[in-house]
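A short write-up of the structure that comes next.
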Amino acid sequence: MRAIVTVLGKDRVGIIAGVSELLAQHGVNVLDISQTVLQGYFNMIMLVDASGCDVPFARLAESLKEAGEARDLQIRAQREEVFNVMHRI
Amino acid sequence: MIQRSEILQTIEMIDQQHLDIRTVTMGISLLDCADASAERSCTKIYDKICRMAGNLVRTGEDIESEFGIPIVNKRVSVTPIALVAAASDAKDYTMFAKALDRAAREIGVNFLGGFSALVQKGMTEADRILIRSIPEALAETELVCSSVNVGSTRAGIDMTAVAEMGRTIKRAAELTADRGGFACAKLVVFCNAVEDNPFMAGAFHGVGEPECEIHVGVSGPGVVEHALKAVRGQCFDVVAETVKKTAFRITRMGQLVASEASQRLGVPFGIVDLSLAPTPAVGDSVAAILEEMGLESVGAPGTTAALALLNDAVKKGGVMASSHVGGLSGAFIPVSEDAGMIAAAEAGKLTIEKLEAMTCVCSVGLDMIAVPGDTTAETISAIIADEAAIGMINNKTTAVRIIPAPGKTVGDRVDFGGLLGTAPVIPVNRCSAADFIARGGRIPAPLHSLKN
């Protein structure tokens, strides 16, 4: 099952490393990354494959959110279908 | 891969424009819970709801976190209780409402609809008992919602029932006077009620529906308003196109949630209700959409035309996005639940007469309107009759959810809390309709009911 992970917040050292590490710990594979920094604000979108995830996806989304809050970042993990249904027919 | 801008647009809709799934509602048939003993019937009802909907809230929450889209309400609708309780020996159906309330609490839903009767062509003894029980039933429960269908295009209007509902609403308000007449916020009087409506307070599970099914109500007035900001000043063709495209996107999301919920719960998918349902939150207002179209305030001349365009474009955009569309589908205009409507009503810019005109072209009817506490039962009945007539003649659902706020007068406010919001008490025409309502009987079905 594929999902989109988005990370928004103030830029600092180690954001990508932190998120990737958490994903790796749970067996989630990163398929694609797109990332920019605009006026000091970090903005990353990852396409991931969560079929090998060792916890239910809702739990993964929750731990990413919590990890984000601890670092002043907004981290979301959402199943890819949400974006597909809204923008593709 | 999906574009970065599209991903960010979706997230912005959810985060800043209040896009949400307003409700996932499970419809459950209780026809098999009828029993000669009212007590046994109540036990069957409680057990069945807990069995069928035990996982509803958890499943909703799982979908919410996996898809990252808020699902605001999880609800249950049931077979109109007058049909279920008819077989029983009970002379008062409040105990059925209490059983429903206990079940709703047990499974954790935030409302349960179906303490209802369908009396568009006359009342059975059970219908009479149910209507008589409504005030106590609503005053003594928290989560149970009630509705009564008093008219339809096919059957005409049962004016005896209309008269009865005016008295019922007054009594419900009196019994909950300490809470501003809160019971009336859970009571809807319909004409042309639909059997698969997922929205409260008017949801019930019609007899033509299957054993159990899942309906989803989408929302997102804030998203439509935001989209219209981008085309400010452009012609109505552009406005309609913009609303349609936005409604399409919102509804696709609703369809996704509906199929997912239906699959996980092992219950057939019923319908997606394409509605723009406001909340009292700033930026989640239907009034703001109408104002974005160029009106100084909702209630200004032009409001009805603006609402007609909005309502129609929402349906046209949404209908292609879902395999089954139903329920009430359109724009809701509940006064107390919409920050823009509240402001306009308080400033005297939105009157009950203008609201009545708006109900000719929108999804439902006079919704969540507080009127002075000394408004008579006959006047309330007459307001119901007017709305029912609009529904009957125009082949549409209309409804009245009106609160004669005890002890309050024009200029006061009634606070119901949460999604039900705050209603400013607005003036009602003081001329009497008492002799009109005292006639009783039925208003015959209109000529265009003869379609066969």
Side-chain angles (χ1 to χ4, degrees), chain A residues 1-9 16 19 23 26 28-39 41-51 53-69 73-89, chain B residues 1-17 19-21 55 57-71 216 218 220 223-224 227 244-261 263-264 272 317-323:
Chain A
M1 182 252 294
R2 305 205 311 180
I4 304 277
V5 177
T6 48
V7 184
L8 303 170
I16 301 185
V19 175
L23 291 172
H26 288 295
V28 176
N29 188 26
V30 177
L31 303 175
D32 196 355
I33 301 186
S34 131
Q35 179 249 300
T36 55
V37 177
L38 251 179
Q39 294 166 342
Y41 274 86
F42 180 86
N43 176 330
M44 173 168 73
I45 296 173
M46 289 173 138
L47 175 67
V48 303
D49 180 355
S51 29
C53 188
D54 63 357
V55 292
F57 184 72
R59 184 95 53 81
L60 175 75
E62 194 52 37
S63 33
L64 280 166
K65 187 174 163 231
E66 281 165 12
E69 278 162 5
L73 295 167
Q74 277 184 37
I75 309 184
R76 281 189 194 77
Q78 292 164 276
R79 284 172 55 170
E80 192 192 18
E81 293 99 306
V82 176
F83 304 97
N84 286 337
V85 297
M86 202 176 243
H87 300 284
R88 297 282 182 277
I89 296 176
Chain B
M1 184 182 164
I2 203 108
Q3 298 290 312
R4 153 186 288 271
S5 60
E6 294 168 331
I7 291 173
L8 293 177
Q9 186 191 27
T10 300
I11 288 175
E12 197 187 329
M13 281 183 185
I14 295 170
D15 248 21
Q16 285 151 39
Q17 299 159 21
L19 173 63
D20 55 47
I21 300 298
N55 286 331
V57 172
R58 213 197 57 222
T59 305
E61 284 166 358
D62 283 349
I63 294 174
E64 202 171 348
S65 32
E66 285 179 30
F67 290 93
I69 166 120
I71 301 175
V216 165
V218 298
V223 183
V224 175
K244 272 160 65 180
K245 284 182 185 149
T246 311
F248 181 82
R249 293 208 167 105
I250 296 173
T251 310
R252 291 270 288 183
M253 189 82 102
Q255 173 77 26
L256 173 70
V257 169
S259 355
E260 197 67 30
Q263 193 194 332
R264 289 183 192 201
V272 173
V319 78
M320 296 291 285
S322 170
S323 51

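Both backbone and side-chain heavy atoms feed into the values below; hydrogens, waters and symmetry mates do not. Each chain gets a letter, A, B and so on, in the order its sequence line appears, and its residues count up from 1.
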Item to check | Backbone N/O of A:His87 and side chain of B:Arg252: donor-acceptor pair under 3.5 Å | outcome: no

Checklist outcome for this item: Heavy-atom closest pair (A:Ala58 atom, B:Ser65 atom, distance to 0.1 Å) is CB-OG, 3.5 Å

Checklist entry - With sequence neighbours left out, what residues match A:Met1 under side chain to side chain contact (heavy atoms under 4.5 Å, CB included)? => result A:Phe57, A:Arg79

Checklist entry - Is it true that atom CZ of B:Arg4 has more than 12 heavy atoms of other residues, nucleotides or ligands lying nearer than 6.0 Å? => result yes

Checklist entry - Is chain A contacted by the side chain of B:Gln9, its backbone, both, or neither, given a heavy-atom distance below 4.5 Å? => result side chain

Checklist entry - Measuring heavy-atom distances to chain B, does A:Ala77 have an atom under 4.5 Å in its side chain, in its backbone, in both, or in neither? => result backbone

Next on the checklist: Could you measure the distance from the CG atom of B:Leu19 to the CE atom of A:Met86? Nearest 0.5 Å is fine.
Outcome noted: 5.0 Å

Checklist entry - Does A:Ile89 reach the side chain of B:Phe248, with side-chain heavy atoms less than 4.5 Å apart? => result yes

Checklist entry - Which one, A:Leu31, A:Leu8, A:Val82, A:Thr36, leads in non-hydrogen pairs under 4.5 Å with chain B? => result A:Val82

Next on the checklist: If I take atom CG from residue B:Leu8 and atom CD1 from residue A:Ile45, how far apart are they, to the nearest 0.5 angstrom?
Outcome noted: 4.5 Å

Checklist entry - Can you tell me if A:Arg76 uses its side chain to pair, donor with acceptor, with the backbone of B:Gly68 under 3.5 Å? => result no

Next on the checklist: How long is the straight-line distance from CD of A:Gln74 back to CG of B:Asp15, given to the nearest 0.5 Å?
Outcome noted: 5.5 Å

Checklist entry - Is it the backbone or the side chain of B:Glu260 that comes under 4.5 Å from a heavy atom of chain A, or both, or neither? => result side chain

Item to check | Check against side-chain contact (heavy atoms from CB on, under 4.5 Å), B:Ile2 and A:Glu80 | outcome: CA-CA 9 Å; B:Ile2 203 108; A:Glu80 192 192 18; 5.7 Å; no

Checklist entry - Quick one: of B:Ile11, B:Asp62, B:Ile63, B:Thr251, who has the most non-hydrogen atom pairs under 4.5 Å with chain A? => result B:Ile11

Checklist entry - Which bit of A:Glu81 is near chain B, if near means a heavy-atom gap under 4.5 Å: side chain, backbone, both or neither? => result both

